[in-house]
Every structure is written in structure tokens, then in C-alpha cells.
Amino acid sequence: MKVIVTTLNAKYIHTCLALRYLKSFAEPEFPVTMKEYTIKDPAMNIAMDLYKEDPDVIGFSCYIWNIEQTIPVLHILKKVKPDVHIVLGGPEVSYDLEYWFRRIPEVDFIVYGEGEETFKELLAEIAGEQNYRRVLGLAYRDADGTVVVNPPRPKLDLRRIPSPYRFPEDRPHLSNRIVYMETSRGCPFRCQFCLSSVENGVRYFDLDRIKEDILYLVQNGARTIKFVDRTFNIHRTYAMELFRFLIDHHGGCVFQFEITADILRPEIVEFLNEYAPPGVFRFEIGVQSTNALTNALVQRKQNFEKLSRTVRKIKEGRKIVQHLDLIAGLPEEDYASFKKTFNDVFALEPEELQLGFLKLLRGTGLRRDADKYGYVYTEHAPYEVLANRVLSFDDVIRIKRAEDILEKYWNSHYLDETVKFLTRHAFETPFDFFQEFGDYWAERGWSRIGHQLEDLFLRLREFLEARGTPNLPVIEGLMKYDYLTHYRHKPRAVWWTAMGKEERQPLLRRLAEEPEAVSADFAALQLSEAELAKRCHVEVLPFDLSHYRETGAIRREPSA
């Protein structure tokens, strides 16, 4: 029996951990072939590739980001290979089972909930007696087309799952794809917008095996490992032991974790600030909202004061990159409240700030209470909120414009110093900068056309000039500084009027004569005036750059 498990990843660099769990648990009794595609691949191409494998069973792992792209593939496959058994699994199809059987007539089976043991037992029945009623955690169509939903399966003992990280076919790709790893399943919290709230309790994988798997991955070229535990630090002893292990054995690999910052112990932060190698750890911290009523309504427990203290302390250590998340559209969070949430969190100046929009996921409490809050949302995945009782679609549109500027001008890190100055000194609040610029960007029609790196600078300058922003010479000087720091080589052209030769030549001559005025390292290069003309870009800024780099303050003394 030829068995394939497959999925459509959001990006090529992603990998699907679920497929690897299914394969590790089913083998050796049932050999399994893994096939991964992306949501950008045409349905016909995917269907043709799967068809030529001549499978008897195809299992699809389904999520909100790929279900709509997966369905056309199923339509094609069942037409050209009607005898193939099509199995769906994953969080997107584990709820509203009868809906999925109605919507996708090509589906034969749905594995709902934890899938490893259910899928293996299903394969045994397909190959044997075909008595599907005894497979827990399975839904299927019987002979007359009636949908049968078997009782759910008890939670699996995680020690029974063989390692999903040791397949030879994965080894050549470890260096250029993200490896997803979990050390636990479940979440102790009950946030009503999250599917993790449905499962009770937290279960852990064997720590020694986790360490062995990490060593194997690092030694075989893994460059990025993302832990998918919903709260990596909920068990502080477990987390601390893994942090120590990763510090000792990271091998240059980057590790990303989902952290609940307000319960991260100060002694752990101090340990990481002292011993963590710079850039090896990345923390993703879900803030979502700072509105106390909103958090209470979604049963989210959060101490923002403690969270802020932790984030600032980590930032002071300069070892760990922090990615903070916000969700627009939560209950009773209107436009003004969300603006406050944004400003509260942006004040922490994380390296990355993601502004997402609420998704009313199947199976969550918030989806069940959608009418209570007046939610309007998209019919098909990802079920994104369009409006609710206190947030209009006009508000959503404006917040999306601010999000676009946040991605382009903060998370891209092309204009770090400029945006810090603007959000601290030139606008009433940080959100006002992103919102006003987002509105201007949309009004100019720039959202319908692409942009080069230079366009980010030119469009920002146009916007700042149009609104009569004070201190424009200083801001433009910061923009030049940001632009030039992104080049390892001398840029061929700049987006501003370049300095004339008669003004530049005396500066180059002085630079050749007094290189120690820049730094001892620069003087050690011993560059002649001719070499400086080829290798250096000199610019006069309307403030003292050395003072700014040392103190972060603007002293209005021009400097080259």
C-alpha cells in the first residue's frame, strides 16, 4: 500500500512537523512518503506530482493558511484517481466535521485531534478489515454516505512517538529550512481566541531525547530551530535546563521560542543576559492587548507591568531578539483603545512588532460567542475579522494602513534611527506616525505599486515635507545615516543631492591626514587619499554623529 502524507506550507523555507510525526509513528509497519508544497504552487502542478506517485492513501495536513488552496487539489485528484483514499487532518478540519464532509465531497476520512495513533490505525483498517468504527478520533463516510464521527481518542503518551527529526531525506535541507520542534503539548492558559485553550493540561516529551534530537539537527546543519510550545517557559526548571543546554551546544544555530514574559523569572533573564551568545535566541512574546476588560473577556491573564519589566531587562542585555505580537479586533477594543495598546507596547521598542488581526478560528470560544460581540468576519479561512460592535470596517482599514508602514519602516530595520526619532520627538504618539503615514501612503496610491529601497526614503521625506514636520534637516541627516549603514560597499548613487567634488576633496584630504579622528581601527587601514576617494563615502550631517552614537541625543553641530 502506497501512503503519502502532504501539505502546502506558507513558504518554501517552512517544514511541516505534523507530517514527520505521522511518518515516524506509522513506520515501519506502513512506509510513508512525505511531499511538501507551498500555497503558491498551482493546484494542477501539485495534483500531477501526487498522481504520478500512484498512491493508495493521501493524507493532507490542513491549517487556516492552506485549506483553501488544498481543496482544488482534492477536486482534481479524486476525478483522475477515484479509488484513492483521501484523509484530512490538522487543526483546521478537527472542528465542524460535518461541514467539511459537506463542503468537500472528495474527502473519505478526517482524523480529528491528535493524529499519530489514529492515522496508523486507519492505515491498518484500510489494508485489512476496513472496520472504521473501532478507530477512535476518526470521522468518515459509511457505505450510504452518512457521516460517522467516532469517539475522541485519549491523549497519547508522548514517549511512544519516535523521533520525527531523523529522516535521511530531511538531512540535505536542514541548512536552508526552518526546523519546527516541540518539547511539550498543551497550554495552561485559556485565551478564547486560541485553539490551545481547548486542550487541558500540558504534557512533556522526554528531555534527554529532546537534547539528542537537537544535537543531531545542529550537527547535521540546522541553522534555525523554532520551538512551537505554546508557552516554552511555563515549567521553569525544564526551560532553564534547555536554555543551558542550547548555550553549550548551539553550534551557531538560532533558536526561537514563544515566551510568556510576565512569568519569566528574573533569575532566568539575568542568566540569559550573562551567558546567552548574542543573536542565538529569539523570543516571541504575545501581548495582544493591554486593555484590562478585553483581556478579561477572552480569559487572558496578563500582568503588563511585569511583562514590560522583563522585555526591558532582556533588551538591556543585548543578547536576545524580541518579537512582540498584537491582535486588533479583540472584544471591546475600539480604535482608541487599540491605539493605546499599540503605544503601550511600542514604547518597549522591540526589535520586531507584529500587528495582526483577530482570526475567529473554528473550535474557539470566541467564535462561538461571535454574535455576542457583533463580529463580522470572512466566511472562509483565515476567518479574519472585518468589524465588530465597537470597531468598524473603516477602523480596520486604517489600522491595516498603519500595519503596512510598521512592516516597511520598523520591522525591516532600514530606518531604525530615523523612526526612533520620529516616534519619540516628531509625532504626538508612535501610532500617530504609522497611522498618518499609512493614510498618506494609501492616498498617494503607493499601495498599488512596488517600491525599491530608495523609495522608502524618498516617500518618507515627501510625507514629512507635506505635513510640515519640524526639524527636517536633522531627520534627513538621520535618514542619510540609516541609508549608508545598510551598505557593505560604497553606494553607486544616493537618493539625495550628492556632495560636489570641491566640497568633498578637502574632507578626503583631511581624512587621509588625520584618520585617527575617525577611530584607531580606521587609522590602521592606512588608506591614501586616492584609496579613500574610491572606498569611502563622506557626508556632512547637521548634527554631531559621534555624540549621537554615544548618547542617542542630537547636538546641532555639523559633522562629516
Side-chain angles (χ1 to χ4, degrees), residues 64-65 67-68 191-195 197 286-300 302 304 324-347 353-411 419 422-423 427-449 459 463 466-467:
I64 58 169
W65 63 79
I67 185 65
E68 296 304 321
C191 305
Q192 293 299 291
F193 52 81
C194 179
L195 272 177
S197 65
V287 184
Q288 321 314 5
S289 174
T290 62
N291 183 311
L293 173 60
T294 294
N295 283 327
L297 291 172
V298 298
Q299 299 180 35
R300 181 172 178 79
Q302 178 171 267
F304 185 66
L324 272 57
D325 290 327
L326 300 178
I327 298 179
L330 290 169
E332 302 306 316
E333 176 113 276
D334 61 12
Y335 181 86
S337 171
F338 183 76
K339 175 179 177 178
K340 180 182 182 303
T341 283
F342 183 97
N343 288 326
D344 289 343
V345 177
F346 191 85
L353 178 59
Q354 180 173 319
L355 196 173
F357 292 80
L358 178 65
K359 315 295 192 291
L360 286 173
L361 305 178
R362 294 180 183 276
T364 60
L366 204 50
R367 182 167 175 129
R368 289 194 298 273
D369 290 340
D371 291 342
K372 177 180 176 182
Y373 300 110
Y375 275 113
V376 180
Y377 56 97
T378 57
E379 179 181 358
H380 296 312
Y383 316 113
E384 187 168 295
V385 164
L386 304 173
N388 63 28
R389 191 172 61 195
V390 300
L391 196 73
S392 69
F393 189 49
D394 285 323
D395 294 331
V396 170
I397 290 171
R398 293 202 68 205
I399 295 172
K400 281 187 175 290
R401 291 173 179 172
E403 180 219 6
D404 185 46
I405 300 302
L406 180 71
E407 287 298 315
K408 288 183 171 71
Y409 284 86
W410 181 256
N411 292 336
V419 175
L422 293 172
T423 54
F427 288 78
E428 186 174 344
T429 74
F431 188 79
D432 289 310
F433 163 67
F434 293 105
Q435 186 66 88
E436 286 184 35
F437 192 15
D439 291 341
Y440 187 85
W441 190 287
E443 290 163 7
R444 299 292 291 170
W446 292 334
S447 56
R448 296 190 297 272
I449 57 178
R459 292 174 184 180
F463 161 65
R467 69 183 294 274

Exercise. So Val419 and Phe433, side-chain contact (heavy atoms from CB on, under 4.5 Å) or not? Walk me through it.
Worked result: CA-CA 9 Å; Val419 175; Phe433 163 67; 4.2 Å; yes

For this session: Please name the pair of heavy atoms, one in Pro382 and one in Ile64, separated by the smallest distance, quoted to 0.1 Å.
Result: CB-CD1, 4.0 Å

Problem set entry | Parallel, tilted or perpendicular: ring planes of Phe463 versus Phe437, cut at 30 and 60 degrees | parallel

Exercise. Which atom pair, heavy atoms only, marks the closest approach of Ser392 to Ala387?
Worked result: C-CB, 4.1 Å

For this session: Please identify each residue that fulfils side chain to side chain contact (heavy atoms under 4.5 Å, CB included) with Ala402, with sequence neighbours left out.
Result: Phe431, Phe434, Gln435

Problem set entry | Any side-chain heavy-atom pair of Asp334 and Asp395 under 4.5 Å | no

Problem set entry | Partner set under salt bridge (charged side-chain N to carboxylate O under 4.0 Å, His left out) for Arg368, not counting sequence neighbours | none

For this session: Compare every heavy atom of Arg401 with every heavy atom of Ala442, then report the nearest pair and how far apart it is.
Result: CB-NE, 3.5 Å

For this session: With side-chain contact (heavy atoms from CB on, under 4.5 Å) as the test, would you mind laying out the steps for Gln192 and Arg300 before giving the verdict?
Result: CA-CA 8 Å; Gln192 293 299 291; Arg300 181 172 178 79; over 6 Å; no

Exercise. Okay, side chain of Asp439, backbone of Arg398: is any donor-acceptor separation there less than 3.5 Å?
Worked result: no

Exercise. Would Val376 and Phe393 count as a side-chain contact (heavy atoms from CB on, under 4.5 Å) if you check the C-alpha gap in whole Å, the side-chain angles of each, and the deciding distance to 0.1 Å?
Worked result: CA-CA 9 Å; Val376 180; Phe393 189 49; over 6 Å; no

Problem set entry | Ring-face cation of Arg367 near Tyr383 (centre distance under 6.0 Å, axis angle within 45°) | yes

For this session: Any salt bridge (charged side-chain N to carboxylate O under 4.0 Å, His left out) involving residues 374-388? Give me the pairs, sequence neighbours left out, ordered by first then second residue.
Result: Lys359-Glu384, Glu384-Lys400

For this session: Quick one: pull up CG in Leu358 and OG in Ser289 and give me the separation to the nearest 0.5 Å.
Result: 11.5 Å

Exercise. What heavy-atom pair brings Leu353 and Trp410 nearest, and what distance separates the two atoms?
Worked result: N-CD1, 4.2 Å

Exercise. Quick one: OH on Tyr409 to CG on Asp404, what's the gap to the nearest 0.5 Å?
Worked result: 9.5 Å

For this session: Side-chain contact test, heavy atoms from C-beta onward, threshold under 4.5 Å: evaluate it for Asn343 versus Pro430 and give yes or no.
Result: yes

Problem set entry | Spacing of Cys191 atom SG and Gln302 atom CD [to the nearest 0.5 Å] | 8.5 Å

For this session: Please report the closest heavy-atom contact between Ile67 and Ala381, naming both atoms and the distance.
Result: CG2-CB, 3.5 Å

Exercise. Who pairs with Gln288 by side chain to side chain donor-acceptor pair (under 3.5 Å), at least two apart in sequence or on another chain?
Worked result: none

For this session: Apply the side chain to side chain contact (heavy atoms under 4.5 Å, CB included) test between Thr341 and each candidate in Leu330, Leu326, Ile327; give the one that qualifies.
Result: Leu326

Exercise. Do Thr294 and Glu333 get their side chains close enough for a donor-acceptor pair, meaning under 3.5 Å?
Worked result: no

For this session: Sequence neighbours left out, what passes salt bridge (charged side-chain N to carboxylate O under 4.0 Å, His left out) with Asp344? Give chain and number order.
Result: Lys340

Problem set entry | Aromatic ring pairing Phe342/Phe346, orientation class (parallel under 30°, perpendicular over 60°, tilted between) | parallel

Problem set entry | Any Leu297 side-chain heavy atom under 4.5 Å of Tyr373 side chain | yes

For this session: Decide yes or no on side-chain contact (heavy atoms from CB on, under 4.5 Å) for Tyr375 and Asp369, but give the supporting numbers first.
Result: CA-CA 9 Å; Tyr375 275 113; Asp369 290 340; over 6 Å; no

Exercise. Do Leu360 and Leu366 have side-chain heavy atoms sitting under 4.5 Å apart?
Worked result: yes

For this session: State which residues pass salt bridge (charged side-chain N to carboxylate O under 4.0 Å, His left out) with Asp432; sequence neighbours excluded, sorted by chain then number.
Result: Lys339

Exercise. Shortest non-hydrogen contact from Leu355 to Ala328?
Worked result: CD2-CB, 4.2 Å

Exercise. Think Arg459 forms a cation-pi with Trp441, using NZ or CZ under 6.0 Å from the six-ring centre and within 45 degrees of its axis?
Worked result: yes

Exercise. Is there a side-chain contact between Glu403 and Phe357 (heavy atoms, below 4.5 Å)?
Worked result: yes

